[in-house]
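Worth saying up front: this structure is predicted, and the values here are computed from it rather than measured.
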Amino acid sequence: MNRLAPLSEEPTNEEEGIKNCSKKGHSWKNWLKSQLSVIFNKKSDLKILLSVLGCPLFPISVSVHPEESTNEVFSSAQYIIQHFTAATGCRKLEGRLKNIFATGKVAMAMVDEVGGGDTQKGCFVMWQMVPNKWLIELVVSGQKVVAGSDGNVAWRHTPWLGSHAAKGGVRPLRRALQGLDPMTISAVFGPAVHMGEKCISGTDCFVLKLAADQSDLAERSDTTAEMIKHVIFGYFSQRSGLLVYLEDSFLTRIQSPGNYPTYWETTIATKIQDYRSVDGVMIAHAGQSTIIITRFGDNFNAGLAVTRMEETWTIDDFAFNVQGLSMDCFIPPQEVHKDFP
């Protein structure tokens, strides 16, 4: 069984790409050629939006048992996380949290320099089982994207490309880290570095930084696509202790034989709002994300090529420990299951 093509978090013309890819994966040469015409093709807007915003992954795996340290910067980060766990009330879930269920609505749009573009609306359902199993179904303007993790492999399925496995280790779903899963937020940011303070939208925040290490980046790279960095910043309100802003960026170097290297930098910034109590735990029920994708390289004589997107989201229903949710819900599609026995 040949290995599935890696899950891509860059904007792609997946419908055209499937015609040009072998069973071993995408042809990066064809992928590169398609970008110049596709990235500004309005017919491809929805697929680009879903490729980038549908179900991106967090750069860091969950650290259930962070290493102890007396380093002052690390200790400051631990204090901030302790403040967060107290503010959300998630400590009461320790030892008894089995799963999380959420439904919500999304609105996505490509944005040009003049203003917003056509808004694509949809909804999603998300299930999560402690510690690394999750599944999300997202439908936007009639197109459905499904992604999941069984604890061993993360994958995505689209109607125009089928099922694809993610490269690298299993990581949390970014959407769950946007205030929906305080237990995972506290675990992920446990080993973070305290970067100081910053005011975000009038809120004084502590800033914590996480970065994927070189081994993680190497696992997510191949001979033509090199993941150079993936860093994330969490902004925690000094007053409330809650996570109010999440910003991450990743830089990829892409080069196929006979071509100049191309660099893609994607930055996703999310404002997290409307915290409400669910069974005594504070859960964010709304937010807004702004995405900037910058493409540059020696072969772009005109300079930078920039693509902008926006997303707003709201949570309609949220629950802990839903009865009847079993391990079977997280079994990957047959293609992925065969490739990763």
Side-chain angles (χ1 to χ4, degrees), residues 2-54 56-57 59 110-114 117 156 158 160-161 164-169 171 174 211-232 247-269 290-310:
N2 290 323
R3 194 170 189 81
L4 291 172
L7 176 136
S8 172
E9 295 180 14
E10 291 79 27
T12 59
N13 183 0
E14 294 179 295
E15 185 172 19
E16 181 67 23
I18 192 172
K19 299 176 183 177
N20 299 319
C21 68
S22 68
K23 292 182 179 180
K24 293 184 179 179
H26 290 290
S27 165
W28 279 108
K29 184 176 181 180
N30 290 327
W31 182 86
L32 285 168
K33 288 181 178 179
S34 70
Q35 297 311 301
L36 292 175
S37 60
V38 172
I39 197 68
F40 299 112
N41 183 348
K42 290 186 177 181
K43 294 182 179 180
S44 300
D45 282 0
L46 178 57
K47 292 177 183 178
I48 295 173
L49 287 166
L50 291 176
S51 294
V52 178
L53 290 174
L57 304 182
M110 303 290 287
V111 181
D112 55 31
E113 295 182 359
V114 177
R156 180 178 63 184
T158 64
W160 53 85
L161 195 56
H164 294 268
K167 302 194 70 167
R171 291 168 281 146
R174 190 187 191 277
D213 61 31
Q214 289 302 311
S215 61
D216 290 334
L217 295 175
E219 287 184 356
R220 295 160 59 186
S221 303
D222 56 33
T223 56
T224 54
E226 177 189 3
M227 182 69 71
I228 297 176
K229 71 170 185 177
H230 197 164
V231 297
I232 192 155
E247 182 178 45
D248 67 307
S249 64
F250 56 93
L251 178 64
T252 306
R253 180 183 186 273
I254 300 172
Q255 184 173 17
S256 58
N259 290 279
Y260 289 107
T262 305
Y263 295 87
W264 292 75
E265 184 170 33
T266 301
T267 301
I268 305 176
T290 301
I291 301 86
I292 299 177
I293 301 174
T294 305
R295 191 173 77 255
F296 57 95
D298 293 339
N299 55 333
F300 288 98
N301 297 323
L304 300 178
V306 179
T307 303
R308 294 178 174 85
M309 311 176 196
E310 289 183 351

**Student:** Are Leu50 and Thr158 close enough that some pair of their side-chain heavy atoms sits under 4.5 Å apart?
**Tutor:** no
**Student:** For the pair Ser221 (side chain) and Met227 (backbone), establish whether a donor and an acceptor sit closer than 3.5 Å, ignoring hydrogens and angles.
**Tutor:** yes
**Student:** Check salt bridge (charged side-chain N to carboxylate O under 4.0 Å, His left out) between Glu226 and all other residues, then give those that pass, not counting sequence neighbours.
**Tutor:** none
**Student:** To the nearest 0.5 Å, tell me how far Thr252 OG1 sits from Arg295 CZ.
**Tutor:** 13.5 Å
**Student:** Does Arg174 reach the side chain of Ile268, with side-chain heavy atoms less than 4.5 Å apart?
**Tutor:** yes
**Student:** Does any part of the side chain of Ile293, heavy atoms only, come nearer than 4.5 Å to the side chain of Met309, both counted from C-beta?
**Tutor:** yes
**Student:** Please enumerate all residues that pass side chain to side chain contact (heavy atoms under 4.5 Å, CB included) together with Ala211, with sequence neighbours excluded.
**Tutor:** Val231
**Student:** Measuring from atom CD1 of Ile48 to atom CD1 of Ile291, what distance do you get when rounded to the nearest 0.5 angstrom?
**Tutor:** 13.0 Å
**Student:** Closest heavy-atom contact between Gly54 and Pro56?
**Tutor:** C-CD, 3.7 Å
**Student:** So, for Ala212 and Pro59, which heavy atoms are closest and what is the spacing to 0.1 Å?
**Tutor:** CB-O, 3.9 Å
**Student:** Which pairs with one or both residues in residues 251-267 pass salt bridge (charged side-chain N to carboxylate O under 4.0 Å, His left out), sequence neighbours excluded?
**Tutor:** Lys229-Glu265
**Student:** Give the minimum heavy-atom separation between Thr267 and Ser249, together with the two atoms involved.
**Tutor:** OG1-CB, 3.5 Å
**Student:** Check Arg171 with Asp216, please: is the shortest side-chain N to carboxylate O separation under 4.0 Å?
**Tutor:** no
**Student:** Looking at Gln255 and Pro261, what are the two nearest heavy atoms and their distance?
**Tutor:** NE2-CD, 3.7 Å
**Student:** Is there a donor-acceptor pair closer than 3.5 Å between any side-chain N or O of Arg308 and the backbone N or O of Thr290?
**Tutor:** no
**Student:** Taking all atoms of both residues into account, what is the closest heavy-atom pair of Leu217 and Ile228, and its distance?
**Tutor:** CD1-O, 3.2 Å
**Student:** Going by the angle between their ring planes, with limits at 30° and 60°, are Phe296 and Tyr263 parallel, tilted or perpendicular?
**Tutor:** parallel
**Student:** Quick one: list whatever passes side chain to side chain donor-acceptor pair (under 3.5 Å) with Thr223, sequence neighbours left out.
**Tutor:** none
